[in-house]
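Remember, predicted model here, so these are calculated numbers, not experimental data. Lettering of chains follows the sequences in order, A, B, ..., and the numbering in each one begins at 1.
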There are 2 protein chains.
Amino acid sequence: MWAPEAELTVVPIGDFTTEAGATIPDAFIAYQRWGTGDEIVLVEHALTGDSNVADWWGEALGPGKALDPERYTVVCTNVIGGCKGSVGPASPAPDASPYGSRFPAISIRDQVHAEKQFLDALGVDKVHAIIGGSMGGARTLEWCLLYPEFLDAACVIAVSARASAWQIGIQSAQISAIERDPAWHGGDYYTTGQSPKQGLAAARRIAHLTYRGELEVDERFGTSAQPGENPLGAYRSSDQRFAVDSYLDHQGDKLVQRFDAGSYVTLTDSLNRHDVGRGRGGLNKALASIAVPTMIVGVDTDILYPYHQQEHLSRNVGNLLGIAKITSPCGHDAFLTETRQMDRIIRSFLAMAASPGGAEYSI
Amino acid sequence: MWAPEAELTVVPIGDFTTEAGATIPDAFIAYQRWGTGDEIVLVEHALTGDSNVADWWGEALGPGKALDPERYTVVCTNVIGGCKGSVGPASPAPDASPYGSRFPAISIRDQVHAEKQFLDALGVDKVHAIIGGSMGGARTLEWCLLYPEFLDAACVIAVSARASAWQIGIQSAQISAIERDPAWHGGDYYTTGQSPKQGLAAARRIAHLTYRGELEVDERFGTSAQPGENPLGAYRSSDQRFAVDSYLDHQGDKLVQRFDAGSYVTLTDSLNRHDVGRGRGGLNKALASIAVPTMIVGVDTDILYPYHQQEHLSRNVGNLLGIAKITSPCGHDAFLTETRQMDRIIRSFLAMAASPGGAEYSI
């Protein structure tokens, strides 16, 4: 049933209907799989991540590592609405032309339902654990609410129970930066020969500042000029930059090379829609109903998902395995960069998940 | 010598040469003045503020208030590069056409030098105290270093010793939002019949999120929809908004009505250039050399100028009067919104400034 080891493989999941009532006919989900262990661990990627866990969490995946393919079957799908093999705005619609603006809005719940249809298509009826950070953490949380019988344990990293107004504000600013790019064409740029590169790069520059720690960025760049440029000249010029601006430009350019603006808008909108309380009697009632043993992880310097949001989760989830705090100057991205701490946390989580009688504790 | 009470008045200050070596011929500074007290208190406005202290700090200015016009002569200038009466990018150059891109870059030190030329033009040779927050705090700090003999005491609010890399990054994102507006025309839009309203509004939306507290914004708006709009529809649409997005749009629209995009870019660039250490042997050496009795004020929830930056200032300024922390959910803007706390802080500062032998203490 499984695709070849580590090989990106696309699985048709049939028609898919969103939470808000739109239908994507003949939807498909791309995924990768490592190992053949008895227990399945489903890993959930973040906004601009993809199914290639070996790429973005390589320190966690491999023989002898926390996600050991000799012990587990590690599975990661590309999220619906993404651009790395799953159906998204750049995919052809039934009329063979790219969806563009015709691609429906996708909620975090839709992302989970699509992943469930994917697992159904493969004949998987149970996974041992689901682990995810940021948007992947939001999916993990929704898994606990939508399909609690389907998993033994969940590890929810660097996310909140719902989007905060501040997050919505800064995320909408990114969407708006893309929409204001004349090459966006209302989302229907795929056949124009243009793409909203400047808008996407601008969005990423803003986003990146929310992903990193203020002190870490300052320690690296301070007020230094980019070598060969003079940001203190007699006339301001956007090609005479501080080092931090060059760094952010580079982050923007890198994303433009590897990511589709339409997917970026769709998935950023998904984050705006994140709210486990919707239709469930409110946030804390929803969290209290979670019976899946759940581990909560946060980062002390995260400004996008501040640690008090993970404290809120840990106070309210119905079945708390434990809470762990990553200590790092790196902010939100620490769940990707602090590999030693994440290793210890994932191992502890999987150990706790394996002994369901274990008492809850903090790492 | 003074202009009529509270009346916006423009004072020619002669040719002005910037730190980076450009010259603005026949420069001029607009100001307002309240009261006729023996001692002059110079108030310094923030980025999009202006000389009208009664407008943005009305709770602090007036008979019986902290800045009592019966006791003090309260003076506030519009910063050079601004758009409320002082020479700026929208002003006519010697050829009678607006400066636009020909307006030179302005550093915080330039802002202070221009203000000093203004006071020289009026024949003022001493002020009792200088008080300012945010960009006004940066000016106040530079006053202590550039003209220490000119003032008895300084109150520096919600600012840092230099721009941090994070601040530069988020500020440059705002400049870039304006530059990417096709109506910007490289800064020379004044004669085109257009103005980069969308870019300026986008910049303000980003900025506003750095001015407010994350918890306060969330308490006000959470994930609520703007009444009459549905941000959870089957297809994303930028006119179907969350309440916080409508609020930020409103903040952007308000600024567009009252502020010039060219001035916004010039003054945001000034903030990027803020660094009291430049040419003075570094940050802490510069701060240690400050002999002016200086009070430092910060806000506990400020994400733009985090409180550790004011702690840094207070540890290093050569002559510390005291440090005060404003406790507020409102973030950076608390120095404008927490009027009761600011009242107490300004009164304490002026009391300490009046008795130079007073020991330093924290409020």
Side-chain angles (χ1 to χ4, degrees), chain A residues 18-22 101-105 107 162-166 168-170 172-173 175-177 179-182 198-199 202 205-206 208-209 212 214-215 217-224 231-236 238 241-245 247-248 265-266 269 272-273 275 278 303 306 308, chain B residues 18-22 101-105 107 162-166 168-170 172-173 175-177 179-182 198-199 202 205-206 208-209 212 214-215 217-224 231-236 238 241-245 247-248 265-266 269 272-273 275 278 303 306 308:
Chain A
T18 67
E19 183 182 355
S101 65
R102 298 175 297 166
F103 196 79
S107 69
R162 64 161 168 81
S164 76
W166 197 93
I168 293 172
I170 203 77
S172 295
I175 291 173
S176 170
E179 285 184 327
R180 279 181 291 107
D181 188 324
Q198 288 203 324
R205 288 197 298 267
I206 299 167
H208 197 76
L209 287 166
R212 305 303 293 199
E214 169 241 340
L215 289 170
V217 173
D218 197 56
E219 277 163 23
R220 287 173 67 186
F221 302 107
T223 56
S224 300
L232 302 174
Y235 294 84
R236 189 191 61 79
S238 55
R241 299 168 300 175
F242 291 95
V244 66
D245 287 329
Y247 163 74
L248 293 169
V265 167
T266 294
D269 179 56
N272 282 355
R273 292 169 185 241
D275 183 354
R278 184 165 63 244
I303 57 175
H308 66 80
Chain B
T18 68
E19 184 182 354
S101 65
R102 299 175 297 167
F103 197 79
S107 68
R162 64 160 168 81
S164 76
W166 196 94
I168 293 173
I170 204 78
S172 295
I175 292 174
S176 170
E179 286 184 326
R180 278 181 291 107
D181 188 324
Q198 288 203 323
R205 289 197 298 266
I206 300 167
H208 197 75
L209 287 166
R212 305 303 294 198
E214 168 242 340
L215 289 170
V217 174
D218 197 56
E219 279 164 22
R220 288 173 67 185
F221 302 106
T223 56
S224 300
L232 301 174
Y235 293 85
R236 190 191 59 79
S238 56
R241 298 167 300 175
F242 291 95
V244 66
D245 287 328
Y247 163 73
L248 293 170
V265 166
T266 295
D269 179 57
N272 281 355
R273 293 170 186 239
D275 184 354
R278 183 166 62 244
I303 57 174
H308 66 80

| remark: One option among A/Ser172, A/Ser224, A/Pro182 has the most heavy-atom pairs under 4.5 Å with chain B, and it is A/Ser172
| query | For B/His308, is it the side chain, the backbone, both, or neither that has a heavy atom closer than 4.5 Å to a heavy atom of chain A? | reply | side chain
| Spatial distance of atom OH (A/Tyr235) from atom OG1 (B/Thr18) [nearest 0.5 Å] | 7.5 Å
| said: Any non-hydrogen side-chain atom of A/Arg278 less than 4.5 Å from a side-chain atom of B/Thr223? | reply: no
| message | Which atoms of B/Leu248 are under 4.5 Å from chain A, going by heavy atoms: the side chain, the backbone, both sets, or neither? | response | side chain
| said: I'd like to know which of A/His208, A/Arg220, A/Arg212, A/Arg102 tops the heavy-atom pair count under 4.5 Å against chain B. | reply: A/Arg102
| request: Tell me, for B/Pro231 versus chain A, whether the close heavy atoms (under 4.5 Å) come from the side chain, the backbone, both or neither. | output: backbone
| What residue, out of B/Asp275, B/Asn272, B/Ile303, has the most heavy-atom pairs lying under 4.5 Å from chain A? | B/Asn272
| task | Check whether B/Phe242 gets within reach of chain A through its side chain, its backbone, both or neither, counting any heavy atom under 4.5 Å. | result | side chain
| Given the rule in the side-chain hydrogen bond (donor to acceptor under 3.5 Å, both in side chains) test, do A/Ser176 and B/Arg205 qualify, once you have shown the distances and angles that lead to the verdict? | CA-CA 10 Å; A/Ser176 170; B/Arg205 289 197 298 266; 3.0 Å; yes
| Non-hydrogen atoms of chain B under 4.5 Å away: do they reach the side chain of A/Arg273, the backbone, both or neither? | both
| In a check of side-chain contact (heavy atoms from CB on, under 4.5 Å) between A/Trp166 and each of B/Leu209, B/Leu215, B/Val244, B/Asp218, which one passes? | B/Leu209
| In terms of heavy-atom pairs under 4.5 Å with chain B, which of A/Ala177, A/Gly222, A/Ala173, A/Gly199 leads? | A/Gly222
| field | Structural part of B/Arg241 lying under 4.5 Å from a heavy atom of chain A | value | neither
| remark: In terms of heavy-atom pairs under 4.5 Å with chain A, the winner among B/Ile170, B/Val217, B/Asp269 is B/Asp269
| task | Counting only heavy atoms closer than 4.5 Å, note whether B/Ile206 contacts chain A via side chain, backbone, both or neither. | result | side chain
| request: Let me know if B/Phe103 has heavy atoms under 4.5 Å from chain A in its side chain, its backbone, both or neither. | output: backbone
| query | Which answer fits B/Arg236, side chain, backbone, both or neither, if we ask what part of it has an atom under 4.5 Å from a heavy atom of chain A? | reply | both
| B/Asp181 portion near chain A, given a 4.5 angstrom heavy-atom threshold | neither
| message | Only pairs of heavy atoms separated by less than 4.5 Å count here; which of A/Ala20, A/Ala202, A/Ala234 has the most with chain B? | response | A/Ala234
| said: Can you tell me which of A/Glu19, A/Gln198, A/Glu214, A/Arg180 forms the most heavy-atom pairs within a distance under 4.5 Å of chain B? | reply: A/Glu214
| said: Under 4.5 Å from any heavy atom of chain A, what part of B/Glu179 do you find: side chain, backbone, both or neither? | reply: side chain
| query | Between A/Ala22, A/Ser101, A/Gly21, which has the largest tally of heavy atom pairs under 4.5 Å with chain B? | reply | A/Ala22
| At a heavy-atom separation under 4.5 Å, does A/Thr266 approach chain B through its side chain, its backbone, both, or neither? | neither
